[in-house]
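Here is the structure we will look at, set down as structure tokens.
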Amino acid sequence: MTQTPQTETRAFDTEVHQLLKLMINALYSNREIFLRELISNASDASDKLRFEALTDESLKGLDQDLAIDVDFDAEAGTLTVRDRGIGMNRAEVIENLGTIARSGTRRFLDSLSGDQQKDARLIGQFGVGFYAAFIVAEEVTVETRRANEPADQAVRWSSMGEGEYRIETIERAEQGTTITLQLREEHRDLLSPWQLKRIIHHYSNHIAFPIRLRQPAEKDEAAAEPEFERVNDSQALWTRPRSEVADEEYKEFYTGLTGDPEAPLSWAHHHVEGSQRYSLLLFLPASAPFDLLINRDEREGVKLYIQRVFIMDAAEQVLPRYLRFMRGVIDSADLPLNISREILQDSPLVKKIRATLVKRSLDLIEKLAEQGGEPWEKFLDAFGSILKEGVIEDFEQRERIAGLLRFASTGNDQAAAVGLDDYIGRMKDDQDHIWYQTAESLQVARNSPHLEAFRKHGVEVLLLTDRIDEWLVGHLRDYKGKTLKSVARGKLELGEAAEPAEDAKKLAGRIKKALGERVGNVQPGARLTESPACVVADEHELSPLMARMMRQAGQEVPEIKPNLEINPEHALLGLMDRLEDGARFDDLASLLLDQALLAEGGELADPAAYVRRVNALLVDSLSGSAVDNSNSGNEENHTDRAAS
Ligand code: ADP
């Protein structure tokens with residue numbers, strides 16, 4: 001046997017030295033991650049032991065009780081992390097703790113900018129490994145024994161992190177590694193059960209091995225064996241086979257993950273094997289956090305783990321924004337631990353994970369829709385409008401998402417109950433289009449004059465009253481071969497198309513002349529049965545509602561002239577037809593337009609003028625009926641009622 005030196009002092013790789021210095025500065029504000037790194041290493045070492053014990057008879061039994069113990073001594077200023085994992089022999093210690101063998105660390109070094117704040121943010125997203133211990137420690141001691149080495153061939157490694165380390169051979173009864181940090185004065189506040197528990201919970205709660213923390217000793221038992229209490233959750237739940245996890249456990253896990261006390265509506269749990277391996281656990285919450293609609297860029301929602309080590313909140317990388325209400329965990333076995341957001345963004349592996357997440361999420365929502373009832377209603381209520389963004393953002397899934405949307409409809413009293421498939425199922429034989437009406441509120445929509453002809457012909461109209469609906473229909477031109485068409489646009493043909501009578505056209509021409517530049521065109525049409533007039537948009541122009549919303553959002557919108565469709569059958573129009581051109585006719589034409597705009601939920605350019613005209617008419621007709629009982633007076637009374 002060759003004699004290895006018992007004790008020696010060696011110099012670090014220059015790169016290690018460089019890294020240590022940079023890290024201590026840059027990570028100051030992020031100091032707590034050191035514990036995550038040490039626990040993650042301990043967990044890896046335990047995993048390795050487990051794996052080797054599968055084939056190495058001499059290790060059998062050692063893999064039974066693999067806990068990670070976190071111990072501390074506030075008075076001495078020390079913190080210890082102990083595992084019973086695979087451990088290291090002397091050569092491994094030198095290789096692993098004295099050089100930078102890992103390319104990840106090298107990349108990490110290269111990406112440091114020297115700007116402290118920027119680096120701290122960057123480093124927070126990297127796994128920086130063992131050396132993170134030097135963020136808080138003035139001296140680090142590692143005692144370790146490789147699982148299949150004799151007890152007297154254990155190793156002690158120690159360093160002040162200043163260019164060299166000491167290494168000596170020691171005796172150690174157990175396999176595994178004990179890392180002891182002598183904390184610098186200013187970091188000793190970490191040495192409390194409360195602090196340590198918090199940090200472990202935050203970063204390492206789902207480590208698959210028990211993490212046990214030393215409990216404070218009672219005064220009179222100071223000499224007794226220290227007690228350790230498990231502080232992390234159960235075995236990482238998502239790593240377990242689905243069949244072994246009870247519903248109650250999923251719910252508990254969800255609450256732990258999100259802080260949402262309400263049980264999720266449903267969840268999906270999959271283990272993906274093959275060219276890439278990952279587990280995913282997805283939850284559909286029951287209600288929306290208050291800022292979900294506003295806060296579109298939130299990163300939170302899906303936690304990315306790599307081999308059970310929490311890496312980052314990665315919702316933006318793994319979920320499209322229209323699914324930002326989903327919650328869950330992705331645990332990849334293939335991504336490198338020291339991955340950055342930027343790398344994550346471009347990773348083909350992550351793109352595949354993302355596609356799976358979209359599919360699984362839509363599966364969940366579809367299943368909920370099939371089951372219907374209260375959970376489905378809750379979902380629609382909380383996330384229905386967010387899901388609509390998917391039609392705009394995700395071309396590939398457009399039809400699938402559209403099929404999940406629910407709208408109010410003239411065929412149903414409820415607020416949002418009719419899906420496009422329901423609608424198509426009820427379409428009349430000769431009906432080619434899915435008709436919709438957009439409006440600012442359900443009440444405005446239901447009472448809109450545009451629906452009159454549809455009612456008469458028994459054609460269902462979807463009532464779209466979400467702010468996003470105008471955009472939605474801008475992107476969803478058709479669904480399953482049926483075009484979506486606005487009841488308020490272009491020429492309407494329902495039933496038999498009749499050419500309007502010549503007098504009606506003439507009257508329309510007179511009204512156009514009276515209104516002048518205030519309108520685009522004025523035409524008789526088939527939309528109305530009860531109202532005298534309504535506003536119609538051209539086939540491709542901005543709808544009045546959309547224009548209003550854009551103006552409210554501070555955008556420049558070109559002036560759009562409304563087109564007016566008149567109902568020649570209405571008494572008011574009959575009356576106007578008999579009136580000579582003049583001030584009276586002009587006033588009535590103005591009223592006609594203003595009323596049509598108001599019925600849409602629109603605003604009048606000059607509301608005061610409208611009120612003045614209405615009042616003048618009221619005075620006229622009331623005094624007329626009191627004083628003058630001529631036929632025309634009666635007729636005007638009747639007309640006012642019909643027009644209001
Ligand atoms: P990483 O864990 O990302 O490889 P680290 O700097 O944290 O990088 O650790 C370097 C190496 O040191 C590890 O790959 C592992 O081989 C070894 N190591 C660190 N901690 C332990 C431990 N507790 N038990 C066994 N080996 C360890």
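First listed ligand is number 1; within each ligand, the first listed atom is number 1. Quick caveat, the model's predicted, so the values are computed rather than measured.
A 4.5 Å side-chain heavy-atom check between Leu190 and Val136 finds at least one atom pair inside the cut-off. Annotation: side chain of Ser279 is not in contact with side chain of Tyr305 (no heavy-atom distance under 4.5 Å).
An N or O contact shorter than 3.5 Å links Asn41 to ligand 1 by distance. For ligand 1, the polar-atom distance check finds an N/O of Asp83 within less than 3.5 Å of one of the ligand's N/O atoms.
Atom 16 (O) of ligand 1 has its nearest heavy-atom neighbour, among Ile39, Asn96, Ile179, Leu49, in Asn96. When the heavy atoms of Val93, Thr177, Ile68, Asp44 are ranked by distance to atom 24 (N) of ligand 1, first place goes to Thr177.
Distance alone, capped at 3.5 Å, places no donor-acceptor pair between the Tyr254 side chain and the Arg327 backbone.
Listed by number with element, the atoms of ligand 1 under 4.0 angstrom from any heavy atom of Phe130 are 5 (P), 6 (O), 7 (O).
Residue-ligand proximity: Glu37 is placed with every non-hydrogen atom at 4.0 Å or more from ligand 1.
Side-chain contact, Asp334 with Tyr278: no donor N or O sits under 3.5 Å from an acceptor N or O.
With Trp194 as the aromatic partner, Arg198 meets the cation-pi criteria of under 6.0 angstrom to the ring centre and within 45 degrees of the ring axis.
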